Amino acid sequence: MRGYPFAAALAAALLIAGAGAAPAQDFGPIQVRTTELAPGVHLLQGAGGNVLACAGDGKLLLIDADYEQMADKLLAATAALAAGPVALVVATHWHFDHVGGFAALADAGAVLAAHASVRDWMAAPQHLDVLDHDVPASPPSALPGICVGDTLTLRWGDETVGLRHVAGHTGGDLVAHLHRADVVHAGDLFFNCGYPYIDTAHGGSIDGMIRGVEYVLSLCGPATRIVPGHGPLASPDELRVYLGILEEYRRIVAAEKAAGRSLEEVVAARPAAALDEQWGRAMFPPEAFIEMIWLSTP
Ligand SMILES: [Zn+2]
């Protein structure tokens, strides 16, 4: 059961920007909103994944890089911080709404980094499960030259940035922990606006999402600010609510599967209708979320 009727419209509205056959999203009116989280640390919110900027020693570190079509606006937003050029960009994962600005940022002098698997996935055409969408290969200039293994620690001015690989939303997610600012960028392990996408074709799974969120929570103190991949800045308590929803839905779908029901029967039964009311409207609808859990549970 692939390629839901809603997939094309959903892809056009949420994720797919001018790639493949889906109609292009109109980026014209979308601006980058800048919010200071700590001295020298800013959240930049444009059209795609949330971007974190960290200033140190006259240069900027970015975590993620929005869509390709937002690159000029992202560069303008970083210039407005008056903290020097973007020297290094780290991707939380390979999706085009997070690495779309890579080629433009590299052209502007930045070095690109990501988990080791990201370069391989970006270098060749890919296909996204559930959305049934083809993703073209990225140009060589967009490919990260620094391939991160399990962990990497960056000293960036006064800030210490811990990067840690987890396999959750994809098989190549990086969580970024800014110790001094007490900020964590969770990437798409955390959709703070609705049910998440899980990239089951590239190593993502519901169990990995749950473990990844538990890891993010393990980094948090009571005042930690969490940058989700999508949606507004969040507290640890808000991330705990989201974790509970992942666990509950995983339990329900796994139980239905173990009872011998088909994916179509589970979708039709609406087994978590109360959760769907709140979480199944803004991003991915319950039938898509159920399929992603189904694809990644035994
Ligand atoms: Zn993603």
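As the structure lists them, so they are numbered: ligands from 1, and atoms in each ligand from 1. For reference, positions follow the sequence shown, starting with 1. Given the structure is predicted, the values throughout are model-derived calculations rather than measurements.
- Seen from the Zn ion (ligand 1), atom OD2 of D188 and atom NE2 of H169 lie 100° apart in angle, a value rounded to 10°.
- When distances to the Zn ion (ligand 1) are checked against a cut-off of 2.8 Å, H93 contributes an N, O or S atom below that limit.
- Between R250 and E247 no salt bridge is recorded (no basic side-chain N to carboxylate O distance below 4.0 Å).
- Note: Y67 and F27 meet the aromatic proximity criterion, with ring centroids under 6.0 Å apart.
- Close placement of the H98 and H230 rings is indicated, their centers lying within 6.0 Å of each other.
- Note: the hydrophobic cluster containing I252 does not contain I290 (ILVMFWY, side chain heavy atoms under 4.5 Å, direct or indirect links).
- Take the N/O/S atoms of H95: the one nearest the Zn ion (ligand 1) is ND1.
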